[in-house]
Undergrad: 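The following block contains the structure, expressed as structure tokens.
Keep in mind the model is a prediction, meaning the values are calculated, not measured. A note on names: the letters A, B, ... follow the listed sequences, proteins ahead of strands, and every chain is numbered from 1.
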Amino acid sequence: MKPSAAITPRPLTAPHRRSLQMGLLQWFAEFQRPLPWRQTTDPYAIWLSEVMLQQTQVATVIPYYRRFLAALPDIPTLAQADIQTVLALWAGLGYYRRAHQLHAAAKQIVAHHGGKLPADFLQLLKLPGFGPYTAGAVASIAFHQCVPAVDGNVLRVASRILADDRDIRAASVHKSLRTAVGGWVVKENAGQFNQALMELGATVCSVTSPRCDMCPVRPVCRARAAGRQMDFPVRRRPKAKRTVHLAALHIRDAQGKYLLAQRQNGALWAGLWELPAVPIAVPPHTLRPIIRLARRTLGLEISSARSAARVAAVIEHVLTHMHVYVYIFNCSLRTAQTSPHAARSPAVRPHAARLPAAHPLPPDSPYQALAWLADPARVPLSTLARKQFAAVSAASSD
DNA sequence: GACACGTGGCT
DNA sequence: TAGCCAAGTGT
């Protein structure tokens, strides 16, 4: 059977929902791991554990959690502590923004909430470092609010229970699953229920080898019923990187200055400088076909005297979403354009215009400015641009 | 929606 | 081994 199109899975039936709730709570009561933050009802301690556990494994967190709580046992103490002290306690855990935000939130709590965590999901969400997960976890575990706490484990568990064939990586699917799980939460026992779901994901419903034989939720799991527990969650195959070819122009004036181009704001590499380049469909052999493109998209009149010039260097650069090949040509401008002249295009920014001899650009150019620069290192360069200059200087020293 | 952010563990 | 992933958030 062809996999169905990605649609919102139908909700659990009421009997299945009740079976899930009871099975999970009983299982959790019996089999939960005795973790330090499960021995407390202090909202601050619970908050601290939730922040430390973000993208960080339980075993790593435990010693940091103990040490931090011993040194800074409550919110006022944390709020008064020097940030250096906080960071020293966090050192080695990673994601240091969490420590800054924890500290900032403590200060806000002292200033605006009398030193106590607000006992409400939406209030918590306003504090630094509280996203939907942490606000849900603290609201339900510390304050018994009936809200879901959906982390990576819960996403996986819910995806399997519902046999959800949508891409688990999409934020829209996270949101949809948060809503679904919100309908499962046991009102009187929200904190226990949420922790049970996470614990199930961490210890039974694992990524690579779900142990369905010991799963309390097996009777309601649609993936298991179909014998397809390994088919969920569905992860979109990372899109194949598209390949982009660029012809870049290595142009120097009589003083040896480089002609550089500054990327448009909002574009890839926004505001950074590089050799002026034009996109081309296929790897080029000679400069000839580039000349017309340069005139149209860069406003540059390339001399046709060297139109048979070959590629001087090839750069390869890989980004998250594309594979870039840059073919560098050594070329020169027609004489009229090599002489300095003032910027007159509105596309040229004032500071660029102060640079010696900026060039005007067509309105739809991928660049916001062109300028002659003696030393490219003095302007911000993308990694790709650094490769360009490395290649150019290597080629010219041959 | 795509990325950056840190570190450790696993296949 | 080169990714992938772990109790995510902010931009």
Undergrad: Under a 4.0 Å heavy-atom cut-off, which of residues 176-194 of chain A touch DNA chain B?
TA: none
Undergrad: For Gln101(A), report the nucleic acid contact type (base, sugar-phosphate, nothing); a contact means any heavy atom under 4.0 Å.
TA: sugar-phosphate
Undergrad: Is it the case that atom CZ in Arg10(A) sees more than 12 heavy atoms from other parts of the structure closer than 6.0 Å?
TA: no
Undergrad: Just call it for Leu155(A): base, sugar-phosphate, or nothing, with non-hydrogen atoms closer than 4.0 Å on any strand.
TA: nothing
Undergrad: Are Tyr327(A) and His245(A) close enough that their ring centers fall under 6.0 Å?
TA: yes
Undergrad: Looking at dC5(C), I'd like to know if its phosphate oxygens (OP1 or OP2) sit under 4.0 Å from a side-chain N or O belonging to Arg235(A).
TA: yes
Undergrad: Heavy-atom count check: over 12 atoms from other residues, nucleotides or ligands less than 6.0 Å from Arg211(A) CZ?
TA: no
Undergrad: Could you tell me whether the side chain of Ser140(A) and the main chain of Gly136(A) form a donor-acceptor pair under 3.5 Å?
TA: yes
Undergrad: Whether the side chain of Tyr133(A) and the base of dG8(C) hold a donor-acceptor pair under 3.5 Å is what I'd like checked.
TA: no
Undergrad: Can you check whether Phe232(A)'s main-chain N or O pairs, donor with acceptor, with Arg160(A)'s side chain at less than 3.5 Å?
TA: yes
Undergrad: At under 4.0 Å between heavy atoms, what does Trp90(A) touch on the DNA or RNA strands: base, sugar-phosphate, or nothing?
TA: nothing
Undergrad: For residues Trp184(A) and Phe193(A), establish whether the separation of their ring centroids is below 6.0 Å.
TA: no
Undergrad: Looking at Arg97(A) and dT9(C), is any side-chain donor or acceptor paired with a base atom of the opposite kind under 3.5 Å?
TA: yes
Undergrad: Does the side chain of Tyr96(A) get closer than 4.0 angstrom to OP1 or OP2 of dT7(B) through an N or O atom?
TA: yes
Undergrad: Remember a base hit wins even if backbone is also touched, and classify Gly92(A) as base, sugar-phosphate or nothing at under 4.0 Å, heavy atoms.
TA: sugar-phosphate
Undergrad: Give, ordered by number, those residues of residues 51-64 of chain A having at least one heavy-atom distance below 4.0 Å to an atom of DNA chain C; if nothing qualifies, reply none.
TA: Leu53(A), Gln54(A), Gln55(A), Gln57(A)
Undergrad: Any donor and acceptor pair, going by atom type alone, linking the side chain of Arg98(A) with main-chain N or O of Gly94(A) inside 3.5 Å?
TA: yes
Undergrad: If you look at every strand shown and take non-hydrogen atoms under 4.0 Å, does Thr134(A) touch a base, only sugar-phosphate, or nothing?
TA: sugar-phosphate
Undergrad: Return whichever of Thr208(A) or Gly94(A) has its heavy-atom-nearest nucleotide of DNA chain B closer to the 5' end.
TA: Gly94(A)
Undergrad: Counting side-chain heavy atoms from CB outward, which of dC5(C), dA7(C), dG6(B) is closest to Val207(A)?
TA: dC5(C)
Undergrad: Please check this pair: side chain of Glu30(A) against backbone of Gln26(A), looking for a donor-acceptor N/O pair closer than 3.5 Å.
TA: no
